[in-house]
Amino acid sequence: MITENAPAPSDFIRDIVAADLQSGLHTKIHTRFPPEPNGYLHIGHAKSICLNFGIAREFDGTCNLRMDDTNPTKEEVEYVDSIIADVKWLIGGWADYRLGMKPKGALPEAKEIDGKSDFHLSAIRNPQSEIEFEPFYASDYFDQIYEYAVQLIRKGLAYVCDMTPEETDEFRRLGKESHYRVRGIEENLDLFARMKAGEFPDGSRTLRARIDVSSPNVWLRDPVLYRIRHAEHHHTGNKWCIYPMYDFAHCLSDYVEGITHSICTLEFEVHRPLYDWILESLDLPRRLPHQYEFARLNLAYTVMSKRKLMQLVNEKLVSGWDDPRMPTISGIRRRGVTPAALRAFAYNIGITKYNGLTDVSVLEYAIREDLNKHALRRLAVLRPIKVVLTNLPAEHYEELDAVNNPEDASAGSRKIPFGRELFIEHDDFMETPPPKFFRLKPGGEVRLKYAYIIKCEEVVKDDAGNVIELRCTVDPDSKSGGATANRKVKGTIHWVSAAHSIEAEVRLYDRLFTTPEPDADGDFKQHLNPNSLEIVTAKCEPSLAEASSDLRYQFERLAYFAVDKDSTPSRPVFNRTITLKDTWAKEMKK
RNA sequence: UGCCUCGUGGUGUAAUGGUAGCACAAGUGACUCUGAAUCACUUUGUCUAGGUUCGAGUCCUAGCGAGGCAGCCA
């Protein structure tokens, strides 16, 4: 049900899109994903990406990637670059042929339609040619947006206001008209031009829409359209010292790009009347875009706001935006989650207007579902105990066959070395085990995966009483595939040959927070999980020396792992993506 | 406070006036050379009160509850 051959999802937005196509309102669907480059994308954005690109994919449309960059003081090129990389990674092989980009440097084209002036910038879908392409930028439309502002002034629908930010707030709360509301058109035109020319300091004046200061919807109480900011912009440099506000820039950017369905999250619902007012107040010759809202993702045991994520990064509570514990797309990627798993998750949670809290188990399920099918099985011991097989000669050596992936016969098999001295997992031995423990215990038998049945004859301890070595005997007839191999023992455990094993750094990640809603009580940092990262040196089968960062691995009976970017040939580093389900651990908790 | 939106098992969702279904989670069992995976089964739900209707999760009214907005952020 979560495979990508599954029927396309259905939700209220897709229903609207389908109806608009059916009725002939639109012949081509055009969506967009419009992040502000003021931080890294997170899993909530992934939901939006899957929605917008998913619609483009299902309805033969296009989805533009656009930087919503109208606030120069918060935005940076580093974020632009990370956003492009994250989007491409998430939609790669799935909806990349729906990605709308533009030739580098392309700007809106001025045209005349039915005697009306118009600006349009069309998308190139999935550009493959040699020419350089780039995403769309709202800041590329500053000239056009300025033109539209002048149009509003000429129509008497916008005015320059000299009130301070505090006065503006107060007047708006009280529903009072600004003294400058009655300013004449010529004066407004002159003042607005001088704002653009840089004659006034930051905060001294704004351009405001003239709508209705007594509207019950505060966003219609003469909202600010332009503010003065003498600041360098990451994309337009020092060309501008006035910048349009989100509400003014966004609807017009949608229009310029020919967007049909402008999909955003619930908090913009009250802005929709303003979105429509701006577009309807201008003499725009083409069909207008429409805004639809859905509920943003809330995931248990994590925080989602960019501000809080940035705090974790800045205060070094994590190693960076791509720390594998972060809910960022780059963190999730580094952790080893595949894009298909993330997409399956987005599919499974659906699209509604209900603001709920999604359980992490839904995400974890999607990750395991995908990794189980594709990960290569390997043997590795995270917390080793030495085992000596006393009835084998010291020089004993053989190679055993091991299946690479029982879910995928085409993955083949490999040889693993076996000798007299082994390592097994600390958790797989108990001196005085509880009932139903069917791993190794004194006098007990257990199968070594792909190898022999062994019996524990003697427990060796250090002075402190810690178990440091097990002396066992091997049943030579019990070799996998051998004569009496069918003899049943309850438990099967993983192991590696001591002489042939390699060491690897293994990073064991757990959830970053200890409570389902870390930011519910204001101070999310006090709910940080002190054990969210544990680093161990594991003993691994030798084939893991050539582990590829393109592949995923399951260390059998433990968890799924991916090669970290810190990995080197002399010191492999693995990130634990997610553990296997562990019914025994659950049983032990009871 | 005003305005907007939303209330379906524990969680996330479907049912578009006609048998309340799916997924995750939880539980039981089968199988197992991964206590995984797989398979079978089980538990749990329409916020409340009225109304319309042959029939209401769905439509209407009132209430209750939750979330959002009230930046010269997006």
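Given the structure is predicted, the values throughout are model-derived calculations rather than measurements.
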Peer 1: Taking O4'-C1'-N9-C4 for purines and O4'-C1'-N1-C2 for pyrimidines, is rG63(B) syn (within 90° of 0) or anti?
Peer 2: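 Chi for rG63(B) falls in the anti range.
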Peer 1: Once you apply a heavy-atom cut-off of 4.0 Å, does Pro34(A) come out as touching a base, just sugar-phosphate, or nothing?
Peer 2: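 Nothing, no nucleic acid heavy atom in range.
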Peer 1: Once salt bridge (Lys or Arg N to Asp or Glu O under 4.0 Å) is applied, what residue pairs with a partner in residues 218-230 of chain A remain, sequence neighbours excluded?
Peer 2: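 Those involving residues 218-230 of chain A are Arg181(A)-Asp222(A).
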Peer 1: What is the per-nucleotide protein-contact pattern of nucleotides 4-10 of chain B, from the 5' end, where B denotes a base atom under 4.0 Å from a protein heavy atom, S denotes such proximity for sugar-phosphate atoms only, and - denotes neither?
Peer 2: SSS----
Peer 1: Any side-chain N or O of Arg557(A) less than 4.0 Å from the OP1 or OP2 oxygen of rG35(B)?
Peer 2: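 Checking Arg557(A) against rG35(B): at least one side-chain N or O falls below 4.0 Å of OP1 or OP2.
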Peer 1: Are there runs of at least three consecutive Watson-Crick or G-U pairs touching RNA chain B, with each pair's two distances under 3.5 angstrom? Give them by first number.
Peer 2: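 B:1-7 with B:64-70, B:10-13 with B:21-24, B:26-30 with B:38-42, B:47-51 with B:59-63 - these are the stems of 3 or more pairs that involve RNA chain B.
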Peer 1: So does Lys449(A) pair up with Glu556(A), basic N to acidic O under 4.0 Å?
Peer 2: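 Salt bridge: yes.
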Peer 1: Ile349(A) has a side chain; which of rG35(B), rG12(B), rC73(B) sits nearest to it?
Peer 2: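 Minimum distance to the Ile349(A) side chain belongs to rG12(B).
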Peer 1: Base, sugar-phosphate, or nothing: which does Gly203(A) touch, judged by heavy atoms less than 4.0 Å apart?
Peer 2: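 If one applies the 4.0 Å heavy-atom cut-off, Gly203(A) turns out to touch a base.
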Peer 1: According to side-chain hydrogen bond (donor to acceptor under 3.5 Å, both in side chains), who are the partners of Glu78(A), at least two apart in sequence or on a separate chain?
Peer 2: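 Only Tyr40(A) meet the side-chain hydrogen bond (donor to acceptor under 3.5 Å, both in side chains) criterion with Glu78(A).
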Peer 1: Checking all strands, does Arg368(A) fall into the base, sugar-phosphate, or nothing category for heavy-atom contacts under 4.0 angstrom?
Peer 2: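 Nothing, no nucleic acid heavy atom in range.
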Peer 1: Residues two or more places apart in sequence or in another chain: which of them pass side-chain hydrogen bond (donor to acceptor under 3.5 Å, both in side chains) with Asn298(A)?
Peer 2: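 Asn298(A) satisfies side-chain hydrogen bond (donor to acceptor under 3.5 Å, both in side chains) with Asn355(A) once adjacent residues are dropped.
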Peer 1: Which residues pass the side-chain hydrogen bond (donor to acceptor under 3.5 Å, both in side chains) test with Glu398(A), not counting sequence neighbours?
Peer 2: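 Partners of Glu398(A) under the side-chain hydrogen bond (donor to acceptor under 3.5 Å, both in side chains) test: His396(A), Tyr452(A), Lys479(A).
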Peer 1: Centroid distance below 5.5 Å plus an interplanar angle below 30 degrees: do Tyr246(A) and rA74(B) meet both conditions?
Peer 2: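 Not stacked by the 5.5 Å and 30° rule.
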Peer 1: Looking for any heavy atom pair under 4.0 Å, which part of the strands does Lys490(A) touch: base, sugar-phosphate only, or nothing?
Peer 2: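 Counting heavy atoms under 4.0 Å across all strands, no contact is made by Lys490(A).
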